[in-house]
Amino acid sequence: MEYDLVTTGIKLVGTRIQNLAISNNIVDIKNGSKRKFGLRINEPSFENVKSNILSQMRIDFLVELEQDNKESFKMEISIEGAFLSEEGVDQEEFKSLVAINGASAIIGIARGNIESITSNVFNNGKIVIPFVNLIDYYKSLTENN
């Protein structure tokens with residue numbers, strides 16, 4: 001396999017947790033806990049940098065857990081990713097790459113961060129966020145507008 005044939009035209013420059021807020025009164029996660037997950041992909045910014053395009057995208061995540069005796073957990077976390085186009089990628093193509101590949105990268109990074117943080121918050125257990133179908137996410141946005 002030639003590796004250049006599977007490259008995407010986009011590079012991840014870096015990520016950061018921009019915001020993190022936790023409210024919790026749960027010690028151990030119990031089986032059958034009610035879990036909620038949501039996210040909002042914010043409009044990315046784009047700017048030309050020499051012969052490349054730089055983009056920054058932020059995704060806001062909401063994770064909630066409820067269990068008996070009115071125990072609850074709520075985490076709001078915003079993660080920002082920076083992406084750089086590879087040579088020869090035009091602006092429209094790069095926008096599509098950021099929307100799908102960039103968002104997928106940030107969600108994957110968020111998954112690891114959320115697992116790590118919640119494994120330290122609870123005495124026993126951690127929260128694993130579900131996979132996200134980005135095509136359906138963007139379709140739902142257009143259907144709601």
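What you see is a predicted model, and the numbers here were worked out from it, not measured in a lab.
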Test of understanding: with side chain to side chain contact (heavy atoms under 4.5 Å, CB included), list the residues that count as partners of [X], not counting sequence neighbours.
X	answer
Glu87	Ser51, Asn52
Asn48	Ile53, Gln91
Val27	Asn123
Lys70	none

Any pair with a residue in residues 113-122 that passes side chain to side chain donor-acceptor pair (under 3.5 Å), sequence neighbours left out, goes on the list, sorted by first then second residue, please.
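Found Glu115-Lys126.
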On a heavy-atom basis, which atom in [X] and which in [Y] lie closest, and how many Å separate them?
X	Y	result
Tyr138	Ala99	OH-O, 2.9 Å
Phe46	Lys95	CZ-CG, 3.5 Å
Ile17	Leu20	CG2-CB, 4.2 Å

Could you grab the distance from atom CD1 of Ile117 to atom CZ of Phe122, nearest 0.5 Å is fine?
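So the CD1 of Ile117 and the CZ of Phe122 are separated by 11.5 Å.
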Atom CG of Asp90 and atom OG of Ser85: how far apart are they, to the nearest 0.5 Å?
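Result: 9.5 Å between the selected atoms.
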Could you go through the side-chain contact (heavy atoms from CB on, under 4.5 Å) check for Leu134 and Ile41 one step at a time?
CA-CA 10 Å; Leu134 289 170; Ile41 300 174; 3.7 Å; yes
What side-chain donor-acceptor pairs closer than 3.5 Å can you find for residues 73-84, not counting sequence neighbours?
from, atom 1, to, atom 2, distance (Å)
Ser78, OG, Asp60, OD1, 2.6
Glu80, OE1, Arg16, NE, 2.8
Glu80, OE1, Arg16, NH2, 3.0

List in chain and number order the residues that pass side-chain hydrogen bond (donor to acceptor under 3.5 Å, both in side chains) with Gln67, two or more places apart in sequence or in another chain; answer none if no residue qualifies.
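With sequence neighbours excluded, Gln67 shows a side-chain hydrogen bond (donor to acceptor under 3.5 Å, both in side chains) to Ser33, Glu71, given in chain and number order.
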List the residues meeting side-chain hydrogen bond (donor to acceptor under 3.5 Å, both in side chains) with Asn133, not counting sequence neighbours, and say none if there are none.
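For Asn133, the residues satisfying side-chain hydrogen bond (donor to acceptor under 3.5 Å, both in side chains) (neighbours in sequence not counted) are Asp136.
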Partner residues of Asp68 under the salt bridge (Lys or Arg N to Asp or Glu O under 4.0 Å) criterion, sequence neighbours left out:
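Partners of Asp68 under the salt bridge (Lys or Arg N to Asp or Glu O under 4.0 Å) test: Lys30.
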